[in-house]
Amino acid sequence: QVQVVESGGGLVQAGGSLRLSCIASGLTIDEYDMAWFRQAPGKEREGISCISRSGGAIHYRDSVKGRFYISRDNAKNTLYLQMNSLKPEDTATYYCAADRGMGIFCSVSSADMDYWGKGTLVTISS
């Protein structure tokens, strides 16, 4: 049975940092492109970053470019999201997702994802 579990969320002040982790079981992430999504209260879920299975292709949403950094450790079956210079508008539940995809480019489209975690809440105070 496939499980994708996020951790690392919490409450931090604006300007602070958090590192999210996503550990997968029941699948080997080196066969998947991986992505991070977030959903703020009252808003639709949005894709914020993705990384191809080799790590050779990475994409960031404009609003997080230069502040968030995605990485993966295939040996640990783990995906990371380093979030720096956090802003109140980054407050959301953050989700990890796996995309079997093509493995060349990565996607931040929800429709392309095959497996999802249940999310971890990130709250940024002003």
F37 meets the ring-ring contact (aromatic ring centres under 6.0 Å, His included) criterion, sequence neighbours left out, with W116
Residue pairs passing the salt bridge (Lys or Arg N to Asp or Glu O under 4.0 Å) test where at least one lies in residues 73-94, sequence neighbours excluded: R38-D90, R67-D90
Over all heavy atoms of both residues, which pair between S126 and P88 is shortest? Give the atoms and the distance, please. CB-CG, 3.8 Å
Can you tell me how far apart OG1 (T91) and NZ (K43) are? Round to the nearest 0.5 Å. 10.0 Å
Transitively linked via ILVMFWY side-chain contacts under 4.5 Å: I70 with Y95? no
Would L79 and Y60 show up in the same hydrophobic cluster when neighbours are defined by side-chain heavy atoms closer than 4.5 Å? yes
Is there side-chain contact between N84 and S17, with heavy atoms separated by less than 4.5 Å? yes
Decide whether V12 and V64 are clustered together by the hydrophobic rule: side chain heavy atoms of Ile, Leu, Val, Met, Phe, Trp, Tyr closer than 4.5 Å, transitively. yes
Decide yes or no on side chain to side chain contact (heavy atoms under 4.5 Å, CB included) for H59 and V108, but give the supporting numbers first. CA-CA 8 Å; H59 169 80; V108 288; 3.9 Å; yes
How many angstroms lie between atom CD1 of I51 and atom CD1 of I58, to the nearest 0.5 angstrom? 4.0 Å
Beyond-backbone contact of I23 with N77, side-chain heavy atoms, under 4.5 angstrom: no
Anything under 30° is parallel, anything over 60° is perpendicular, the rest tilted; go ahead and classify F68 against Y94. tilted
Less than 4.5 Å apart, any side-chain heavy atom of V122 and any of T93? no
Would you call E6 and L20 a side-chain contact if the rule is heavy atoms closer than 4.5 Å? no
